[in-house]
Each structure stands twice: as structure tokens, then as C-alpha cells.
Amino acid sequence: MEKENGAKPSAEEETTERWRFGENKAVAAAGGRSIRATLNKVVSSVDENGPRPLIPLGHGDPSVFPSFRTTPIAEEAIVEAVRSAQFNNYAPTNGVLPARRAIAEYLSKDLPYKLSPDDVFLTAGCAQAIDIVVSALARPDANILLPRPGFPMYEARCTYTNLEMRHFDLIPEQGWEVDLDQVEKLADENTVAIVIINPNNPCGSVLKYQHMEEIAKTARKLGVMVISDEVYDHLTFGSNPFIPMGIFGDIVPVVTLGSISKRWVVPGWRLGWIATTDPKGILSKTKVVDSIRSILDITTDPATFIQGAVPQIIEKTKDDFFNNIIHVLRDAAELCYNIIKDIKCITCPHKPEGSMFVMVKLNLSYLVDISDDVDFCSILAKEESVIVLPGSALEMKNWLRITFAVEPTSLVVGLERLKSFCERHETN
Ligand SMILES: *Cc1c(COP(=O)(O)O)cnc(C)c1O
């Protein structure tokens, strides 16, 4: 604001005492837990005048790289939806019917029963699906079981809605399987759900059928639903195939979360879903579906023209496109694993076989002048212009999460820089 004489009012002229508004500590606490907040801190260490380009192995958004360009079929579907002038309206609460039908059919292909369009709710990416499901469950006194390591958006949303969280461990030596004994010990009569991420971010693991069945049986025994984050559905390239948790829907009600962000490499399009994979209708009977619907009534929807494009995107995308992405990811994971194997201070307990990430452990005793994972990532950013995510952001101190979903040529350069950085800082 300008004063009449053109001078800006100085900040010192106003104190904050008279104003009744201020920081919302709950929001600050929730936001501080985000991957973005942690990465911003790491990126701020980068030497902006450094001679070498930044290599971002911290966050998972390969859409900017030529090898990960989405299929032209998806791009055309969007153009057509816009040009049709049929999607300039507000969408209905659950999302437009043809899109929900296409997603129901897409998911049903891998299930022993058929979903109806009414089992599907469209959301602004899988992120909003998380928001909505957590909010729907966040009644006073309830608690939820979250994986460690996990995806911090769950922690942020629980903090924000005051839903108590209890963390169970994924066991690195067992292919990052769920520690089910611990799950049973953590749960009590107020536990409402257990969250599974499969294929897994950050671990790059893919769960086996038998273990998933055990998770389902444990959840049934505890009387809790399974929230299955399958945003990396079908992005698998090892020996374990992708299996949707909904297969076990007759054992336990499953809320499946997904989106087109990862498989179609279009995270900016913001189109995701909540699907109740629950043939016995328990989520309806317990009114959880009503809660989800109530929240959808009071939140924004994904852009209608994106919804309008969904049937074409899903039905027309060729296997060639998916196969090519898988091929690029498999090679990238292999390369990443092999280079890391030769780095003394970093160990990878499990070769990645899905998603776009791998979790590796820092062995600080091999490093001379580095105090912890955050320190490691900050100095790495400063000296090498390479970004990786400190495990602390995922409740895993002194671990690192590395994404291999970048342009293959950049990946090689980034990992070689990581390697020479480690060699420089290692003890002899
Ligand atoms: C990327 C990601 C999401 C969010 O997906 P969007 O569709 O981009 O909102 C949710 N869960 C996990 C585990 C993710 O990696």
C-alpha cells in the first residue's frame, strides 16, 4: 500500500499486538512435516553460482524429462475434452459418471468382483484422496496405523485433523514387509485403519500375495479397515507383480487410493480417486462412505475437463507406453542399485522392484565430517548440486530416499557425483 506522498509505510510503524490473528501452530506443525519443506531446506544449500546443473534425485516428478513424456493419447484426450465444450460446468460431488465408470472398470480388471461407478469418488490427485479419507476417519479419540518409513502427507493430514497416529515398522531385511506383530501390539479399540503403500514409496518394494493376505487377516482380527495407497499401481519391474489389496476385500474392507499422476506421468493434472473395494458393503453400513461423501460436498473437485478426458486416457492408452516406462524404470533401478553397491558408507537392504524410489542406509561411522542424514544431504547439495531426501523427513533418521525416475543420462551423472562425494568424505 502506498501513502499519499508515495512513500511505503514502514514495517516498524505497526506492531502485531493489536491484531487478534496469528500463526496457526497446527498448520505449521503439519506443513513442517512435508517432503517439500524438507527438500526446500536441502535445496537452499545448493551453490547457485556453481558450474554444474542441479540433479534432482529428491522428489518424484519425472514428467519434465523426455524419457517420461506422457502418451500423446492422453494429451489428445484433454484437448478433445476442452474443445467439446461439454465440461465447462461444475462436476457432481462424486465426479462425472463416465470417468467413474472408466475407473471402476480399470480397477475391476484386477479384482475377483466388479466395482460399480458408485464405488468410485474422484479427487484432485491421490493427495486429496488422502486428505479426504483421513478427515473422514478423524473422529475424536480415534487412531490410525501408519507405516514407517511412509509418505509424510499422511502424517501432515493426521496432525492437521488431530487424528492420533501410531507407527509400525516396515522390515528392510524382509523386503520391507509389515511388522505384523507390532501392528497387533499398537492397535486398540480406538484404532480405525491401517495404511499400506504398495508398490511402495519410499522403499521401492512390492508386496507378495501371501503377506498381503496376512495383512488383511490381521486387520480383520483388529476390526480395522485397510487404506491401500496404490498410486504406483502396475509400476513394477521385479519378480513380484502388482496385486491390488482389494483382492482381499471379502476378508476386510479396503479403501483403495489411486491417481493417473504416476502411471501416466502427469502429476500436474491432479486427477485421482478413492475406490471402496469392499464387496460386503461394510464401509456403507458403517457410514464411512457417508462421511467421505460429506467431505466431498464441501471440498473442491478436480477440473471437470480433466474428468471428461479420463475415459479416453484410460481406455485408449497403449501397452507400449506403459511397457516403455517400466523398461526405463527397470534400467534406472538397476543402475542405481549397482552404483550404490560400490559406495562404502551407503547400503541398500533391498533392490527396488517398483515405484520410483529406493531407501538406503547411511553408515555414519565411515564418514569423517558428517553428523547425520540432513547434514549429509545439505553438504551434498552444496558440493555436488545433487538433491536427495533425508530419511528424517520419513521418520527414518540416517537413511536416504533416492529417486531414480529422472532422465537416465542425469541419473548416471547424479549417482557418480554422489559416489565421489562419499569417497571424499569417507574414512580411509
Ligand atoms: C505421489 C504420491 C501421492 C500423491 O499423488 P498425486 O496423485 O500426485 O496427488 C500419494 N501417495 C504416494 C505414496 C505418493 O508417492
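As the structure lists them, so they are numbered: ligands from 1, and atoms in each ligand from 1. Just so it is clear, the model here is predicted, and its values are computed rather than measured.
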Practice problem: For Glu230 and Leu107, run side-chain contact (heavy atoms from CB on, under 4.5 Å): C-alpha distance rounded to whole Å, both residues' side-chain angles, the deciding distance at 0.1 Å, then the answer. | Solution: CA-CA 11 Å; Glu230 297 174 5; Leu107 297 174; 5.7 Å; no

Practice problem: Let me know which protein residues bring a heavy atom to under 4.0 Å of ligand 1; chain then number is fine for ordering. | Solution: Gly125, Cys126, Ala127, Ile130, Phe151, Ile197, Asn201, Asp229, Val231, Tyr232, Ser259, Ser261, Lys262, Arg270

Self-check item: Phe404-Tyr337 aromatic ring centre distance below 6.0 Å
Solution: no

Quiz item: With distance as the sole criterion, is a donor-acceptor pair present between the side chains of Glu407 and Thr409 under 3.5 Å?
Solution: no

Self-check item: Carboxylate-amine/guanidinium proximity below 4.0 Å for Arg52 and Glu384
Solution: yes

Report, one line per pair, each donor and acceptor closer than 3.5 Å where one atom sits in a side chain of residues 86-95; sequence neighbours left out.
| from | atom 1 | to | atom 2 | distance (Å) |
| --- | --- | --- | --- | --- |
| Thr93 | OG1 | Asp297 | OD1 | 2.7 |

Practice problem: Kindly give the heavy-atom pair with the smallest separation between Gly60 and Phe357, and that separation in Å. | Solution: CA-CZ, 3.7 Å

